[in-house]
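Take a look at the following structure, please.
All chains are named by letter (A, B, ...) in the order of the sequence lines, taking the proteins before the strands, and each is independently numbered beginning at 1.
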Amino acid sequence: MDNVPFERLDRYTYRIPRHGKMWVDAVFYANDEILAQLEAEGYASLKQLVNVATLPGIVGPALAMPDIHWGYGFPIGGVAAFDPTAGGVVSPGGVGFDINCGVRLLTTRLTREDLEPRKTRLADALYRRVPAGVGSARRDVRWSPKDLKTVLREGARALVAQGFGEAADLERIESGGRLPLADPDRVSARALERGGPQLGTLGSGNHFLEVQYVDEVYDPEAAEAYGLWVGQVTVLIHTGSRGLGHQVCQDYVERFLQAARRYGIELVDRQLAAAPIESPEGQDYLHAMAAAANFAFANRQLITHNVRLAFEDAGFLPRDHQLRVLYDLAHNNAKFEEYAGRRVLVHRKGATRAFGPGAPDVPPAFRTVGQPVLVPGDMGRYSFVLAGTPGAMTRTFGSSCHGAGRQMSRHKAKKAARKRNLIAELEAQGILVRAASRATVDEEMPEAYKDVASVVDVVHGAGIGKKVARLRPLIVVKG
DNA sequence: ATGTTC
C-alpha cells in the first residue's frame, strides 16, 4: 500500500500530517532524487516514520533526515523525542543494534604529498594495528572483568587513564566520551563476554578506517576553527560497540516486548518494542545502553591510539604527524536534552547530533561556529564535514544526517561487483584498500550508496547543517 | 550492525 500522505512545506521539507494513530506530525527532508527512491521502496521507511509517531509521549514531529532508509522498527535516519513526565517511552529499536556507533575524525599536519612516499607502508601498518572483519578481536590487550566494567562506566577516559591516548582527546568527544547513567551491572554476562576481546577493533559491514585529504573548503571560518585546510591529511574512523552493543540491544528487545504489553503500550509493529522511560525496564535499558555507548567511545579511543602507532610504524614521528582528535560523535543513541525548556529523551538512529553555536557540550574552540558534524560517504568518492546550525536546534532537536544511505541492497551490490575487481579499480584511482574480506568490499562498493553530496545539499539547503569541507579517500581499511 | 541462523 503506497498511501503515505505527505505535503511539501518548502524546497526540502515535507510533512506527513497527523492521522490514524499518530500523536504528532512526521517531518522529513528530501530532494526529488530521494523522493523517487522513497517511492521506489513503496514508502516502507516513511511508514516506519509514521509508526514512530504513534508511540506514547512523543514530542514534536517524528523526524527523518535525508539519508532515511528502512531499519529495525524505527527508520535509519530517524530522530524522535519523548517526554519522560508524559508517559514518554524509550525503545531499543529507536537506538539501533550498534549502540553509539559513530565517527571520529583525526587531523594531521601532514600534506597529501608528505604521505605519498609512505602510503603503502601506512596502509599495511593500519591494517596490522587495527583488527578488522567479522568477529575481529585483539590478542595484545586483555581486559579483566573488573577493567572492562570500568571501561563501560568511564568510556574513553578509562582508556586515556591506561595510556591509550591523550587527555586532550577527551575534550573533542561528544559528551566527553562518557554517557552518564552507565551501569555495567545491567549488561548481561554474554554481552560482556562478546565485548571484551573486541575493544579496539573495527568490525565489518559499513565500518571502516580511512586516510583522506581535505579536497575542498566551503566555509573558511568554520574550517579554521576546526583546524582544516586544503591538502591536509585526515583520518576517519567509523565503528561502534561491536558484539557488546548488539547483545545489549537483543537482550532488551526481547524484554521490552513483554514490558510493552504490561504497560499497555500498543505497538503497530512489534519491532517498536518500548517501555516508559521511568519504568524499571526503561531505566535498566538506559543504564545498559549508556554502558554500551561508553564501550563504543572507548573502542574509537583505542583505535585512535593504534592509528598513532601505525603512523609511527610508517616512519612519521609524532611531531611530524601531530594526530589530533577533531571530533568524535555518535549516530545511534538516546540522550536527555533540553528544548524550549522541556527535558526530553532524544532517540537518534542513524542521525547525528548537530548542535549549533552557543549550544551546551560544544567545545570552546567551536562555540561560535557550532559543533563539527561528520558525514561519511562511500569509499570511492568523498565524505563531508558540516557544522551544526541554529536551524537544527529549533527544528530537528539538534540533529542532522549521518551518511549517504544505501541505494542498493547488500545482495544486489555483491552480485553487481562479482564480475569486477573493486580493489583494483579503487587502486587505479589512487585509493589503497586493505580488507579482511572481498565480499565486504563488494557489498560496500561506491555505487551501492547514494551520492552523499546530494544528502548534504539537502541538509545545507534546509538549514539543519552547514557545509564546511570535503574529504577524499587515500587509504581504506575494511572488515 | 551481528561469533552475518544461540
Hits for side chain to side chain contact (heavy atoms under 4.5 Å, CB included) against A:R129, two or more places apart or cross-chain, chain-then-number order -> A:N306, A:L309, A:A310, A:D313
Taken to the nearest whole Å, CG/A:N100 to P/B:dT2 is 14 Å
Could you tell me how far apart A:F295 (CZ) and B:dT2 (C1') are, to the nearest whole angstrom?
13 Å
All N/O donor-acceptor pairs, side-chain side in residues 471-479 of chain A, below 3.5 Å, sequence neighbours left out:
{"unit_1": "A:R472", "atom_1": "NE", "unit_2": "A:D215", "atom_2": "OD2", "d": "3.2"}
{"unit_1": "A:K478", "atom_1": "NZ", "unit_2": "A:G205", "atom_2": "O", "d": "2.9"}
{"unit_1": "A:K478", "atom_1": "NZ", "unit_2": "A:H207", "atom_2": "O", "d": "3.1"}
{"unit_1": "A:K478", "atom_1": "NZ", "unit_2": "A:E444", "atom_2": "OE1", "d": "3.4"}

Using a heavy-atom cut-off of under 4.0 Å over every strand shown, decide if A:E193 touches base, sugar-phosphate, or nothing.
nothing
Under 3.5 Å, sequence neighbours excluded: what are the donor-acceptor pairs made by side chains of residues 69-79 of chain A?
{"unit_1": "A:H69", "atom_1": "ND1", "unit_2": "A:D67", "atom_2": "O", "d": "2.9"}

If you assign each of A:H207 and A:R190 to its closest nucleotide in DNA chain B, which residue comes earlier from the 5' end?
A:H207
Set of side chain to side chain contact (heavy atoms under 4.5 Å, CB included) partners for A:E337, sequence neighbours left out
A:K335, A:Y339, A:V346, A:R348, A:R353, A:F355
Provide, to the nearest angstrom, the distance between the CZ atom belonging to A:R438 and the C1' atom belonging to B:dT4.
19 Å
Side chain of A:V134 (C-beta onward), nearest among B:dC6, B:dT2, B:dT4
B:dT4
Residues forming a side chain to side chain contact (heavy atoms under 4.5 Å, CB included) with A:A161, sequence neighbours excluded
none
Is a side-chain donor-acceptor pair under 3.5 Å present for A:R104 with A:Q301?
yes
Nearest whole Å is fine: how far is B:dT2 C1' from A:E443 CD?
12 Å
In residues 236-256 of chain A, what residues come within less than 4.0 Å of DNA chain B, judged by heavy atoms?
A:R242, A:G243, A:H246
